[in-house]
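Since the structure is predicted, the reported quantities are computational estimates derived from the model, not experimental observations. Within every chain, numbering begins at 1; the chains are lettered A, B, ... in the order of the sequence lines, protein sequences first and strands thereafter.
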Amino acid sequence: MVFLKEQLEPYIGQPVIKATGDAKNIPFDLLAGQPLITIETFGKELFFIFPAFAVRIHLMLFGKYAINGKLNRTLRLGLRFESGEEINFYACDCRFLSEPLDNVYDWRTDVLHPSFDPAIALAKLQQQPQKLICEALLDQSILAGVGNGIKNEVLFRNQIHPESQVGEISAVVLQKLVQACVMQSDAYLHWKQAGMEGEHWQVYKQKLCPRDDIPLRKEKIGKSRRTSYFCDKCQHLYLPDVTE
DNA sequence: GGTTATGTTATTTC
DNA sequence: AGAAATAACATAAC
């Protein structure tokens, strides 16, 4: 969402002339005339901040947007600005927030936020020792913004098997993983900015392990059944010692 | 044409 | 009641 925020920065300061769409819980009439104070992001969420409220956008799996254009589908939320330019959102989740964002979001958990605090992420990971590492990294309350691609890349690059249990991984290694999530998220943003999205995945959506050319495993792991791409040969599995 | 997929929340079930 | 499983949403690509 940071990528989208950057593209929308020209609209900051402009009043919304008209708001349209089929989003529930969005007061389209109230939006008209409101000046866009600023735009914020938290993980995969984007916020349009107005003087007395905010509008939250989450693209989920299928969300799309068009800047100064329309897509051939049902409009969820469209904002036209004073300059005549507009932003249109489709198939996304929109919410109206009347509470200050600081009361709802802890910016220190957002991997791309300047105030991200790795010590908090580490502590939260250690509070869930039974969790599988592949699920823990996707937990938005621990590492907001980390998605399935970044999860797979971070685990491969640190040679950690996705089915490893958090409690069996040392603090030093967990710390490395947290750091890697930040670096990988940062790198992903740079790829997007360079228009080279998808060209830098080492394992995500790939067939062969780049280290030794053997086939990668692709499996749905854990309660959330999200796909993990991994190499059993390169990635070490940390499990409790069952020899009693 | 069936399955899968950058994700999360609501509902149902136990 | 509360945890855990399942459904729901919505759309393009393989």
Side-chain angles (χ1 to χ4, degrees), chain A residues 1-7 21-26 41-47 54-66 69-78 88-97 99 101 104-106 109-112 124 127-157 162 180-208 215-230:
Chain A
M1 282 291 104
V2 174
F3 179 66
L4 177 53
K5 177 191 168 186
E6 289 174 357
Q7 294 178 279
D22 70 351
K24 292 170 187 166
N25 309 316
I26 298 295
T41 62
F42 177 83
K44 298 159 191 157
E45 302 171 55
L46 179 82
F47 307 96
V55 171
R56 184 200 92 135
I57 308 276
H58 194 307
L59 295 178
M60 308 301 283
L61 249 70
F62 311 122
K64 291 276 186 291
Y65 62 86
K70 291 187 192 309
L71 297 182
N72 182 26
R73 61 185 72 185
T74 308
L75 180 66
R76 177 61 44 81
L77 174 65
N88 293 309
F89 290 98
Y90 308 87
C92 61
D93 185 35
C94 301
R95 289 186 202 173
F96 180 80
L97 298 173
E99 215 181 330
L101 295 193
V104 186
Y105 295 93
D106 183 352
T109 65
D110 176 352
V111 292
L112 283 185
K124 285 186 175 177
Q127 279 165 20
Q128 313 223 39
Q130 337 272 36
K131 226 172 186 177
L132 300 185
I133 190 65
C134 63
E135 303 216 271
L137 296 187
L138 283 180
D139 187 332
Q140 299 299 294
S141 67
I142 300 176
L143 293 159
V146 171
N148 206 26
I150 287 170
K151 172 201 82 179
N152 281 300
E153 293 299 309
V154 162
L155 290 174
F156 174 73
R157 290 165 200 230
C181 285
V182 175
M183 285 179 2
Q184 202 64 43
S185 299
D186 226 41
Y188 180 65
L189 175 61
H190 290 306
W191 301 340
K192 286 205 79 153
Q193 287 166 339
M196 297 168 70
E197 191 187 347
E199 293 176 40
H200 291 75
W201 301 120
Q202 289 189 8
V203 290
Y204 180 57
K205 294 182 177 173
Q206 306 304 308
K207 298 262 182 246
L208 291 176
L216 288 168
R217 284 175 63 192
K218 177 191 176 195
E219 282 171 33
K220 293 181 189 297
I221 291 171
K223 284 178 282 196
S224 58
R225 314 286 300 149
R226 301 285 252 114
T227 306
S228 280
Y229 293 79
F230 59 102

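- Between the side chain of Asn88(A) and the backbone N or O of Leu71(A), no donor-acceptor pair lies under 3.5 Å.
- Residue Arg76(A) is classed as a sugar-phosphate contact, given heavy-atom separations below 4.0 Å to backbone atoms only.
- Taking atom NZ of Lys218(A) as the reference point, atom P of dT3(B) lies 14 Å away to the nearest angstrom.
- Checking dT8(B), dT6(B), dA5(B) against every side-chain atom of Lys220(A), the shortest atom distance belongs to dA5(B).
- Taking side-chain N and O atoms only, Arg226(A) has a distance below 4.0 Å to OP1 or OP2 of dT6(B).
- Under the 3.5 Å distance criterion, with hydrogens and angles disregarded, no donor-acceptor pair is assigned to the side chains of Ser228(A) and Glu219(A).
- Base-pair partner of dT6(B): not found among the strands shown (Watson-Crick or G-U wobble, both distances under 3.5 Å).
- Using atom P as the reference point in both dA7(C) and dT3(B), the two lie 15 Å apart (nearest Å).
- Atoms CG (Asn72(A)) and C1' (dA12(C)) sit 14 Å apart, rounded to a whole Å.
- A donor-acceptor contact closer than 3.5 angstrom links the side chains of Gln193(A) and Glu6(A).
- Put simply, Lys44(A) has a side-chain N or O that comes within less than 4.0 Å of OP1 or OP2 on dT8(B).
- Listed pair Lys64(A) / dA12(C) fails the phosphate criterion, with no side-chain N or O lying under 4.0 Å from OP1 or OP2.
- Taking the side chain as every heavy atom from C-beta outward, Asn25(A) and Cys94(A) never approach each other to under 4.5 Å.
- Judged purely by atom type and a 3.5 angstrom limit, Glu45(A) has no side-chain atom pairing as donor or acceptor with the backbone of Leu59(A).
- Across the protein-nucleic acid pair, His58(A) atom NE2 and dT6(B) atom C1' stand 10 Å apart, rounded to whole Å.
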Would Phe47(A) and Tyr105(A) count as a ring-ring contact (aromatic ring centres under 6.0 Å, His included) here? Give the steps. CA-CA 12 Å; Phe47(A) 307 96; Tyr105(A) 295 93; 5.0 Å; yes
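- Distance CG (Asp93(A)) to C1' (dG7(B)): 10 Å, rounded to an integer number of Å.
- Of the inter-residue distances, the one linking Ile57(A) atom CD1 with Asp93(A) atom CG reads 8.5 Å to the nearest 0.5 angstrom.
- Rounding to whole angstrom units, CG of residue Leu59(A) and C1' of dT11(C) are separated by 13 Å.
- In this structure, the NZ atom of Lys24(A) is 16 Å from the P atom of dT9(B), given to the nearest Å.
- Proximity of Arg95(A) to the phosphate of dT9(B): a side-chain N or O atom is located under 4.0 Å from OP1 or OP2.
- Counting to the nearest Å, the C1' atom of dT4(B) and the NZ atom of Lys207(A) are 12 Å from each other.
- For Thr227(A) and dT4(B), the shortest distance from a side-chain N or O to OP1 or OP2 is not below 4.0 Å.
- Projected onto DNA chain C by closest heavy-atom contact, Lys223(A) and Thr74(A) fall at different nucleotides, the more 5' of which corresponds to Lys223(A).
- dA5(C) and dT6(B): their C1' atoms are spaced 24 Å apart (whole Å).
- Taking the side chain as every heavy atom from C-beta outward, Phe230(A) and Leu216(A) never approach each other to under 4.5 Å.
- Contact annotation: Arg73(A) reaches the phosphate of dA12(C) (side-chain N/O to OP1 or OP2, under 4.0 Å).
- For the segment residues 136-153 of chain A, residues with any heavy atom less than 4.0 angstrom from an atom of DNA chain B are, sorted by number, Gln140(A), Gly147(A), Asn148(A).
- dA1(C) and dT11(B): their C1' atoms are spaced 16 Å apart (whole Å).
- Within the 4.0 angstrom heavy-atom criterion, no nucleotide atom of any strand lies near Tyr90(A).
- The nearest whole Å value for the distance from the CD atom in Glu45(A) to the C1' atom in dG7(B) is 11 Å.
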